[in-house]
Amino acid sequence: MANVLETLRARGLFESATDEGLGHFLERPTAVYAGFDPTSDSLQVGNFVAIMGLAHFQRAGHRPVALVGGATGLIGDPSGKTAERVLLSPDQVEKNLAGIRENLSRFLDFEDRQAPARIVNNYDWIGRFTYLEFLREVGKHFRIGAMLGRESVRKRLESEAGLSYAEFSYQLIQAYDFLHLFDTEGVRVQIGGSDQWGNITAGIELIRRLRGGEAYGLTFPIVCDSSGQKFGKSEGNAIYLDARRTSYYDFYQFFIRTEDADVIRFLKIFTFLPLEEIAGLEQEMRRQPEARLPQRRLAEEVTRMVHGDRGLRIAEEASRVLFGGSIEGMSAEDLLAIFAHVPSAVICREEAIGSTVTELAVRAGLGRTKGEVRRLAQGGGLYWNGRRMTEPERHLGVGDFIEGRVAVLRAGKKQFHLIRLDG
RNA sequence: GGUGGGGUACCGAAGUGGUCAACCGGGGCAGACUGUAAAUCUGCUGGCUUUGCCUUCGAAGGUUCGAGUCCUUCCCCCACCA
């Protein structure tokens, strides 16, 4: 049986474990869980680390359980947050759960004969508690001193923002989750980001106290880029795993743009590529960094994993065209094909002809306001069909559209938007 | 419930009657340079029908020719006390 702990360590996915005996314990198949917060209707690349963690466990023969936090999502985890979170409505959580289920179902193998993955929702067991029952059955076993000692709590208490009772209670719920999965799924290990340490140990203690059982925790590092920024944002937007939120093209591009200083580490964390192969890429990078081979490989691997061969092909094709040469001289057909999965807007012909460049740019979603687009143009960062646009107030005619029906708007080097005329 | 401190743009933070759409820093976006990298330098970072107009400084009222700045009430946060 593959030693998953060694694998995680070697790939930079290991930060710490609650018990030195974990390695020994993992020599026999067990079940492991990680939780996912339904803060959005799609997981983000930031969640990818946890998914990879579960996947590595499954590959090593352990049964992965993905927990979506239908209950905890209603409260909000204070870990790693500097301010009290705005409460999500039950409707919103419900909607987000569906999306996250969708995401997860693509990374874990539910058909595996030895260790099929499971997805569970903690609302199913937390939701049936009354307040009094919960206090008696769970709250009774928690000591305030220990709760106050937790990093996430202490930090928030010291901060200006403080901490509400609801968020303070969060750790009880997550601890109970572990206990519940220990009982019903045979889960003995919880994995999570290092900010989850307190929540995880709370569960382990609860299990020991109520069941006299051994349970383990393992954390992986919170992935940051070399400038210390939390990984997973681009142009101010989170990178989602769902193509409806982040296009194949944008997803692929996000990884292509990885800095040299980060790319080798990211290859280990976000792909299953053998370490020898990654070492080879590192050599290659030293020899000719401008070729960006590791970046290409990273983008390729991750995009294929998340969006399949088809998504990867579309992203690569679009990238080749947009960064390879000029779009000048391309036919409307070609452009439509390339931009099929790039943000685009369909605008009615009568409206488009005669309106200004800025107006259309806002309609296409390139900027939020006309002022923003104007400033962009002023700084020289606005392009219309590949040429710098210096007169953002110009009224457009049919001739401004390729074959009278398509135009490509660009902000800077990286953000493309397609405008298609209707009718 | 009491006392004190505080709520300013994405974040931090200045501003205590007009010259304030609001110093500065971070973040973000863009330009130059480059390798779709990093570092560096530069510009921008309320809205608009843009030589001007409109909406912003927790909320609502009020004083004033004029309020982010003064007064009243309310809401929220923090600390200590009860």
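Source: prediction; values computed, not measured. In what follows, chains carry the letters A, B, and so on, assigned in the order in which the sequence lines appear, proteins first and then strands, with residues in each chain numbered from 1.
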A/Phe251 vs A/Tyr240, test: ring pair (Phe, Tyr, Trp, His ring centres under 6.0 Å). Steps then yes/no. CA-CA 8 Å; A/Phe251 187 89; A/Tyr240 290 94; over 10 Å; no
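- Using cut-offs of 30° and 60° on the angle between ring planes, the pair A/Phe270 and A/Phe266 is perpendicular.
- Within 4.0 Å of A/Leu376, counting heavy atoms only, lie sugar-phosphate atoms of the nucleic acid but no base atom.
- At whole-Å resolution of the value, CE in A/Met285 and P in B/A38 are 13 Å apart.
- Within the structure, salt bridge (Lys or Arg N to Asp or Glu O under 4.0 Å) pairs that include any residue of residues 300-310 of chain A comprise A/Arg297-A/Glu300, A/Arg297-A/Glu301, A/Glu300-A/Arg304, A/Glu301-A/Arg304, A/Arg304-A/Asp309 (at least two apart or interchain).
- Ion pairing between A/Arg154 and A/Glu151 holds under the 4.0 Å rule for side-chain N and carboxylate O.
- In this structure, A/Tyr249 and A/Phe416 have perpendicular ring planes: the angle between them is above 60°, well past the 30° mark.
- For the pair A/Arg59 and A/Phe272, the cation sits on the ring face: its NZ or CZ lies under 6.0 Å from the ring centre, inside 45° of the axis.
- Residue whose closest nucleotide on RNA chain B sits further toward the 5' end, between A/Gly380 and A/Arg374: A/Gly380.
- For the ring-ring contact (aromatic ring centres under 6.0 Å, His included) test, no residue two or more places apart in sequence or in another chain qualifies with A/Phe168.
- The distance from atom CZ of A/Arg265 to atom P of B/A37 is 18 Å, rounded to the nearest whole Å.
- Take the nearest nucleotide of RNA chain B for A/Lys370 and for A/Asp260: the residue whose nucleotide is more 5' is A/Asp260.
- Residues passing the ring-ring contact (aromatic ring centres under 6.0 Å, His included) test with A/Tyr33 are A/Phe178, sequence neighbours excluded.
- Salt bridge annotation for A/Glu372-A/Arg375: absent, with no cationic side-chain nitrogen under 4.0 angstrom from a carboxylate oxygen.
- Comparing the C1' positions of B/C80 and B/G28 gives a spacing of 40 Å, expressed to the nearest Å.
- OP1 or OP2 of B/G31 sits under 4.0 Å from a side-chain N or O of A/Tyr383.
- Separating the P atom of B/U16 from that of B/C65 is a span of 23 Å, rounded to the nearest Å.
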Sub-3.5 Å pairs of nitrogen or oxygen atoms, protein against nucleotides 79-82 of chain B:
none

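- Taken residue by residue, residues 288-309 of chain A places heavy atoms nearer than 4.0 Å to RNA chain B at A/Pro289, A/Glu290, A/Arg292, A/Gln295.
- Between A/Lys414 atom NZ and B/G28 atom P the separation is 11 Å, expressed in whole Å.
- One interatomic measurement links the two molecules: CD of A/Gln415 to P of B/G28, which rounds to 13 Å at whole-angstrom precision.
- Salt bridge status for A/Arg245 with A/Asp242: absent, with no side-chain N to carboxylate O gap under 4.0 Å.
- Rounded to whole Å, the separation between the C1' atoms of B/A60 and B/G7 comes to 16 Å.
- Taking the P atom of each, B/C53 and B/A67 are spaced 16 Å apart, rounded to whole Å.
- Nucleotide B/A37 holds its C1' atom 12 Å from the NZ atom of A/Lys413, rounded to whole Å.
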Close N or O pairs between protein and nucleotides 40-44 of chain B (under 3.5 Å):
| unit_1 | atom_1 | unit_2 | atom_2 | d |
| --- | --- | --- | --- | --- |
| B/C44 | O2' | A/Arg375 | NE | 3.3 |

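- Salt bridge absent: A/Glu359 and A/Arg363 never bring a charged side-chain N and a carboxylate O closer than 4.0 Å.
- The distance between atom CZ of A/Arg368 and atom P of B/A9, rounded to the nearest whole Å, is 16 Å.
- Between A/Arg388 atom CZ and B/G31 atom P there is a gap of 7 Å when expressed in whole angstrom units.
- A straight line from OH of A/Tyr165 to P of B/C78 spans 16 Å, rounded to a whole angstrom.
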